[in-house]
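First the proteins, then the strands, lettered A, B, ... as listed; each starts at 1.
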Amino acid sequence: MSNDRIDDIFEEAFKGSNIFRNKNVLFHDYIPERLPFRESQINRVAKIFSSLIRREKGSNVFIYGKPGTGKTAVIKYVLNKFTDFVREKGINIHTSYVNCRIAGTEYRVLTSIAQDIGLHLPFTGLSVEEALSRVIFKIKNDNIPFLIIFDEIDVLISRYGDKILYSLTRSGYESLSVPYVIVGISNNLRFKEYLDPRVLSSLGEEEIVFKPYTASELEVILRERASIAFYKDAIDLAAIKLAAALSAAEHGDARKALDMLRVAGEIAEEKGASKVSEDHVREAYSRIDVERTYEVVRSLPLHSKLIILSLIKVGGGPIQASKLFGVYKSICESIGEKPLSYRRFHGLITELSLLGIANRRIYNYGRRGGRISSIRIDGSINEILNIIRDDPLLEDIAF
DNA sequence: TTTCCACCGGAAAATGAGGTCC
DNA sequence: GGACCTCATTTTCCGGTGGAAA
């Protein structure tokens, strides 16, 4: 890139945008002042939290809904108001919000809770049992009401079981008179199958279901956000309607709708347009998919990329798994890399197909041919190859 | 109905790198 | 300093599984 071009970019940034007034409101983590169509859920959650103000045990609650239906936004919205209120009134309540998928492990979930209740835990070196008992001891010792929100709780439960939930509920109000509320948020309605009946009866006292937004609801949400995010007259109403309709067709996902508006605005800026149009939204719709593929492939580990290269080497497939394994081993040898076991290779194929990079189909040829797993690449070979070429380790062998 | 093929995927163990505790 | 811990990744083992062929 020439110095002139870099200077142009800096110059444009200095001048500022003529499209966006405040792009931040189109990102997922922005909590708006108003959450339309979620008033009843907000009231129910606020009522549950409010019992702690009176030092009374509140109902625990499970919250369900598909991605982008406003679960996390509602909880964070009420939590912000709640913490502001108790701080103002000088009421001492421990609150903790932990995203179980981002935390990743049982131990890190405990570390996050510990931090929020003013307890230091080393980031490794203790057993989960020890960490849990320190958290419980701190709660007992402080005798302060506590509110813990487990977002994406299904990830924690399906991987590690319900030990933390069981211990927290057993050590709470019943034995110590410490009022508490535990909130579990999940995309998956069926995760309760993993719970011990005692935990289920204790935690499932209330359930709130978030239905997907309809196209007209999404339109109202987008119009509100767009009025803050864009300058007056910098976006067509038709563009907002289109983004709402496209997202409504995909399970009413508000996050995707906001992404679409943001990317459409960026495209309009790149093209020097004065207004975001329907065409920009359409382009954003396809660009979001390409960007997703780019991010997914770019962040894959080396051997997953080698498997993709093996698939590209055979023209994208379809190819039998065992034969693909042979191609993969030869590529590994050519770069002096030790190939993984077949079991691990098989696991990576499963991951690639879950990510939508590869497509696996099973054919059964019975006694003569057995059960054949046929794998092919899903998406544009050239596009994926270009992404893999960005990896310095693979730029020379990516044919 | 049984056999057989190639694969699926759960479970446990191994590995190695980071750390804490006493 | 040695025992013990987490964590991510990988290997090893092995009991399914579907369905055409025998």
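The side chain of A:Thr105 places no N or O atom within less than 4.0 Å of a non-bridging phosphate oxygen (OP1 or OP2) of C:dT6. The shortest distance between the side-chain N/O atoms of A:Ser373 and the OP1/OP2 oxygens of B:dC7 is not below 4.0 Å. Taking only side-chain nitrogens and oxygens, A:Arg108 comes nearer than 4.0 Å to OP1 or OP2 of C:dA8. Taking only side-chain nitrogens and oxygens, A:Ser341 never comes nearer than 4.0 Å to OP1 or OP2 of C:dT12. OP1 or OP2 of B:dG9 has at least one side-chain nitrogen or oxygen of A:Arg360 nearer than 4.0 Å. OP1 and OP2 of C:dA21 both lie 4.0 Å or more from every side-chain N or O belonging to A:Arg367.
Surrounding CD of A:Gln115 are at most 12 heavy atoms belonging to other residues, nucleotides or ligands under 6.0 Å away.
One can place CG of A:Leu302 at 14 Å from C1' of C:dT9, the figure rounded to the nearest angstrom. If you measure from atom CD of A:Glu130 to atom P of C:dC5, you get 11 Å, rounded to the nearest angstrom. The nearest whole Å value for the distance from the CG atom in A:Leu348 to the C1' atom in C:dT10 is 10 Å. For A:Ile164 and C:dT6, the CD1 to P distance is 12 Å, given to the nearest whole Å. Distance NZ (A:Lys338) to C1' (B:dA14): 12 Å, rounded to an integer number of Å. One interatomic measurement links the two molecules: CG of A:Leu110 to P of C:dC5, which rounds to 16 Å at whole-angstrom precision. Between the CZ atom of A:Arg343 and the C1' atom of B:dA12 there is a distance of 12 Å, given to the nearest Å. For the pair A:Leu121 CG and B:dG19 P, the computed distance is 17 Å after rounding to whole Å.
Taking 4.0 Å as the cut-off between side-chain N and carboxylate O, A:Glu295 and A:Arg298 count as a salt-bridged pair. Salt-bridge formation is detected for the pair A:Asp279/A:Arg282: a Lys NZ or Arg NE/NH1/NH2 atom is positioned less than 4.0 Å from an Asp or Glu carboxylate oxygen.
Listed nucleotides: B:dG9, B:dC7, C:dG18. Nearest to the side chain of A:Thr350: B:dG9. Distance from the side chain of A:Arg134 is smallest for B:dC21 among the nucleotides B:dC21, B:dA6, B:dC8. Nearest nucleotide to the side chain of A:Asn364, out of B:dC7, B:dG9, C:dG19: C:dG19. Of the candidate nucleotides B:dA6, B:dG9, C:dT6, C:dT6 has the atom nearest to the side chain of A:Val128.
Residue A:Gln320 is classed as a sugar-phosphate contact, given heavy-atom separations below 4.0 Å to backbone atoms only.
Partner of A:Val25 under the side-chain contact (heavy atoms from CB on, under 4.5 Å) criterion, out of A:Tyr30, A:Phe230, A:Phe20: A:Tyr30 alone. Exactly one of A:Glu207, A:Glu206, A:Lys47, A:Arg44 qualifies for a side-chain contact (heavy atoms from CB on, under 4.5 Å) with A:Ser59. That residue is A:Glu206.
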